[in-house]
Amino acid sequence: MSLSTARSFLSEAGYGEQELDANSALMELDKGLRSGKLGEQCEAVVLFPKLFQKYPFPILINSAFLKLADIFRLGNNFLRLCVLKVTQQSEKHLEKILNVDEFVKRVFSVIHSNDPVARAITLRMLGSLASIIPDRKNAHHSIRQSLDSHDNVEVEAAIYAAASFSAQSKDFAAGICNKISEMIQGLDTPVDLKLKLIPMLQHMHHNASLASGSRELLQQLVNSYPSTPMVIVTLHTFTQLAASSLIDIPKQLQLLLQYLKDDPRKAVKRLAIQDLKLLAKKAPHLWLKDNTQTLCECALTSPYNSLKLGMLAVLSTLSGTIAIKQYFNPVLGSASVPLRLTDLVKLAQECCYHSNLAVAAHGVGVLTNIAISCPDQDIVQLEQDTVLGVEALLTLCCQDSSPGAQACLKRTLTSLVCLLKSRPHLSQSAVEFLLCQLQTSCDEARALVCHALAAIASHLPVLGDGMLGALVDLYRVACRSSTDMQQELLVSLATVIFVASQTSLSAEVKLVIKQQLQNVANGWTVYRIARQASRMGCHDLSSDLYQSLRTRVASEHFYFWLNSLKEFSQAEQCLSLVEDGNYSAAMSAIAEALRSYQKGVASLTAASTPLSPLSFQCDFVKLRIDTLQALSQLVCTCNSLKTSPPPAIATTAALSSGNELQRCGRISMQMKVSMDEFKRLAARYGDLHQSSFDADYATLRNVELQQQSCLLVSHVIEALILDPQTASFQEYGTLGSVQTESEYERRMMSVFNHVLEEVEGLSKKHPPVSYLHTGCLCDAVIALLKVPMSFQRYFFQKLQSTSIKLALSPSPRTPSEPIPVQSSQQLSLKVEGVVQHGSTPGLFRKIQSVCLNVTSVLQSKTGTDFKIPLDTKTNEIEQRVEPHNDYFSTQFLLNFSVLGTHAVAVEASVVDESGIEWKTGPKVTVSVKSLEDPYSQQLRHQQQSGAQPAPQRSVYGRF
């Protein structure tokens, strides 16, 4: 069958496919479209979205849509419906259609069919194309005409198309508004049709007069048609219109609160609550104190738990925004009400002990946000009430394993962690309470409680020692089976133990963990625990766990991956055993660590595959190796002061040459080499940071800390030995005030501050260079080595995936063939690109724009060397474009006046929403051959032969 090749090509996932195969797949699909069997035609049509996803560039998408338009024009209604579904699924590719007029012409021809179903499908097709043809008058006319049809299917399709065009076209919205108003108000229009027409008014927000007229009509409908369906549809359209036009949000809040308060129907109240939550997220700053007060009163008086839950959800959203401050700020001219006597606090306190767990969870959330954001004279009592409410709710949720109870438990624990970060003095009692709950909770709740304890211990490490004993005792008896929940509990408990122990696990704790893992844990659980140990710096345990896992995997790539992790953990374990002042032991430890790291890099290279190249991991580890080598070389340089002290004539030579560094002897030049090396390492760490667009924040912070450590060492060398007079410590003075997020960062910042204090004190007392200076440098090296390396999440797991695919035109027919261009002309290089995402796009950061840099380098020269201006010899152009629907396109004009072969490189980088540029790539290179144009060649030959140049031929030459 002809479609089998296309189906197999389109079903393959991953990168590395030949782009030319897309044309072959399109040809196979075209054979299916031209088949005489309806089934093959339909199968070919539904395969087109996969083709677009595989090769999302305009030249192929344009051809494919023109073929689909032919099928739409000539096929039956079922084929038209398939084409419609494909068009709706491929909405973000529609703007890549180059021949829009021809495509619309073929589709639009069906609108004149005598079949109302065919016309209805065509109208829906036009509605799906509204983003690329918003102002096509023939489409507007057909929609208006079809609204008067007597066929219900066609009218519903016309309503869909009219809504789509109203959202895109200001002119169409202004022209159709009166028509829609007449139909809605007309007595001959059925009620069910009115319910479908009313939502169109939410798109009438293109100007103030249009929005005002639509709002007046909706107000008339609310008053004239009090039935429940009509009120629900009208109110929701009202809200959508207000949210788009922005200026009517305060009026809409009053209207919704009025219906919530006065209308007895639960369906209307539920709709009002839903729209209030939408406006609370959209514009919390527009909520006045009276609006919040009315909502509190309604919640206090409502007898229905479902409605109370919805109102509390709105208040929970508001309590985390500026609206909560507006509520507690006293109005001018009125007496201030104590915090605990306000209706909002009363409602939250009452709901904390509600029988419905979801209501209680929202009540706790509101009370927590109030306690965090509203400090007051009686805040102590409010804090106690909040803690009591949290503890009561946690006690209930920890005994219930149902999904609803676990969702409430997660929400409550999140509120508790936020409260403790803001009020650290409440942490001790809260941790003791959570440890007690761990003993009696169900397994589902234990994992969530462990996550909360880990978050608290990360923020307040002083609490770690107090919880470690209870956690280890619980680990001994926690798991007796190999169910999924028990495996999750093993990982959660181990994580809390690692956080609480702060990188120094005792032999007893390691023995308990290993015994439990041998008894009930599966391989994936052991790997997750080893991964957490590597992240928290417990490398002695992680090395043993990786060692035990190597032979339990089914792929040699996994074996090499685990072997590399084992070697890295062993290397870091060697470094953690270094003692202060023992420089020779430090050198031996670095040498041993480097041996393990080199073995690990070899295994890591063997573990990489084309689909998983492990580029970040390789770069990070190679940088770590180079850093350790530089630190080792620095210690050797410091020791050289003993083996090769300055000569006796060093002072005289320094005075005669005017170079004070010669007073120190050969060590000064060695120190300058070391300083330059650390600066280069810092620049390489910066490049690695800049290329890690998809990394999580903890991983990027880890790379920054490595970069700062290299900069610190280079600064210390300069301040102590090379230039102590001009070295400044002011730029490093704020290190102690930086808020740290992890134990690794906390220890690194402590080392930074300690080293800076020692160096600052020493540089002011003693001139360079003495044993005090070299000893200070070696102590700084040992202090940095003793902090266990933290391998963060991005080293193991890539949660966000972003890549860019570029296509250049003109492109050579074969990769080795250059593109010919005449030297007197300029080459127009078109660059098209597609942004490809993984399963969770924009998880950490989103692409705001793409920066394209085009450079050309002359590789070989073929002609004589004429005197050509310097600026015409090379091209270097940079341009930023904003992707739309993950597609971007731009053009560059390149000048190749020098005859010969030029290499043109196009490199892409992305700019995120914060304006930070990331070097993500890719880099595409094409070869261009600059040729001499015929007239210049003829002119040059005549000049060389001494003849007069012939006049240039033109169209007037013959007359």
Side-chain angles (χ1 to χ4, degrees), residues 1-100 102-111 113 115-129 131-132 153 157 160-161 805 834 836-837 839 885-887:
M1 182 176 165
S2 61
L3 290 177
S4 59
T5 307
R7 195 187 307 111
S8 62
F9 167 73
L10 295 173
S11 63
E12 290 176 1
Y15 304 100
E17 302 290 344
Q18 293 292 326
E19 294 181 1
L20 295 177
D21 288 346
N23 294 324
S24 303
L26 181 59
M27 291 174 62
E28 296 296 333
L29 292 180
D30 188 35
K31 291 178 184 177
L33 293 179
R34 291 186 276 107
S35 171
K37 299 178 181 179
L38 180 61
E40 290 189 8
Q41 287 182 308
C42 295
E43 186 179 6
V45 170
V46 299
L47 282 175
F48 272 92
K50 290 185 178 180
L51 178 68
F52 299 155
Q53 186 178 3
K54 189 83 175 177
Y55 193 84
F57 287 103
I59 187 168
L60 184 135
I61 288 176
N62 182 67
S63 301
F65 268 110
L66 288 177
K67 295 179 187 300
L68 290 175
D70 281 333
I71 289 295
F72 189 90
R73 177 170 57 93
L74 302 173
N76 56 26
N77 284 343
F78 184 71
L79 278 174
R80 291 181 181 127
L81 193 60
C82 291
V83 174
L84 171 63
K85 293 298 182 183
V86 168
T87 305
Q88 291 174 339
Q89 291 176 19
S90 310
E91 183 180 1
K92 72 176 186 178
H93 299 300
L94 292 178
E95 63 178 16
K96 302 172 191 173
I97 301 176
L98 304 176
N99 299 342
V100 177
E102 182 62 28
F103 176 69
V104 174
K105 178 182 175 183
R106 298 179 188 182
V107 169
F108 192 75
S109 62
V110 187
I111 200 70
S113 170
D115 183 4
V117 176
R119 294 199 302 269
I121 296 175
T122 306
L123 287 169
R124 290 187 177 273
M125 187 74 173
L126 292 174
S128 303
L129 300 174
S131 59
I132 60 173
V153 175
Y160 167 80
K805 197 173 182 180
V834 176
Q836 297 175 323
H837 301 283
S839 57
N885 288 330
D886 293 335
Y887 170 78

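Residue pairs that meet the salt bridge (Lys or Arg N to Asp or Glu O under 4.0 Å) test with at least one member in residues 71-88, sequence neighbours left out, are D70-R73.
No donor-acceptor pair closer than 3.5 Å links the side chain of R124 to the backbone N or O of A161. Looking at E40, its side chain never comes within 3.5 Å of a backbone N or O of G32 through a donor-acceptor pair.
The side chain to side chain donor-acceptor pair (under 3.5 Å) check on E102 picks up R106, with sequence neighbours excluded. A search for ring pair (Phe, Tyr, Trp, His ring centres under 6.0 Å) contacts involving F108 returns H112, not counting sequence neighbours. Evaluation of the side chain to side chain contact (heavy atoms under 4.5 Å, CB included) rule for C82 yields C42, V45, F78 as partners, not counting sequence neighbours. The side chain to side chain contact (heavy atoms under 4.5 Å, CB included) check on V100 picks up I97, V104, I132, I133, R136, with sequence neighbours excluded.
The nearest pair of heavy atoms linking I121 to F72 is CG2-CE1, 3.7 Å. Taking all atoms of both residues into account, the shortest heavy-atom contact from L33 to I71 is O-CD1, 3.7 Å. For the pair K96 and P56, the tightest heavy-atom approach, listed with the atom from each and the gap, is NZ-O, 3.1 Å.
Looking at heavy atoms from C-beta onward, E95 lies out of side-chain contact with S131 at the 4.5 angstrom threshold. No side-chain heavy atom of L79 sits less than 4.5 Å from a side-chain heavy atom of L74. Using a 4.5 Å heavy-atom cutoff, the side chains of N885 and H93 are not in contact. Side chains of Q836 and D886 form no contact here, defined as non-hydrogen atoms less than 4.5 Å apart. At a threshold of 4.5 Å between non-hydrogen side-chain atoms, the residues K805 and F57 count as touching.
Within 6.0 Å of the CD atom in Q53, the count of heavy atoms belonging to other residues, nucleotides or ligands does not exceed 12.
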(request) Dump the intermediate steps for salt bridge (Lys or Arg N to Asp or Glu O under 4.0 Å) on R34 and D30, then the final yes or no. (result) CA-CA 6 Å; R34 291 186 276 107; D30 188 35; 3.3 Å; yes
Donor-acceptor pairs are to be reported for all side-chain atoms of residues 59-69 against protein atoms at under 3.5 Å, with residues two or more places apart or in another chain.
residue: N62; atom: OD1; partner: L98; partner atom: N; Å: 2.9
residue: N62; atom: OD1; partner: N99; partner atom: N; Å: 2.9
residue: S63; atom: OG; partner: I59; partner atom: O; Å: 3.1

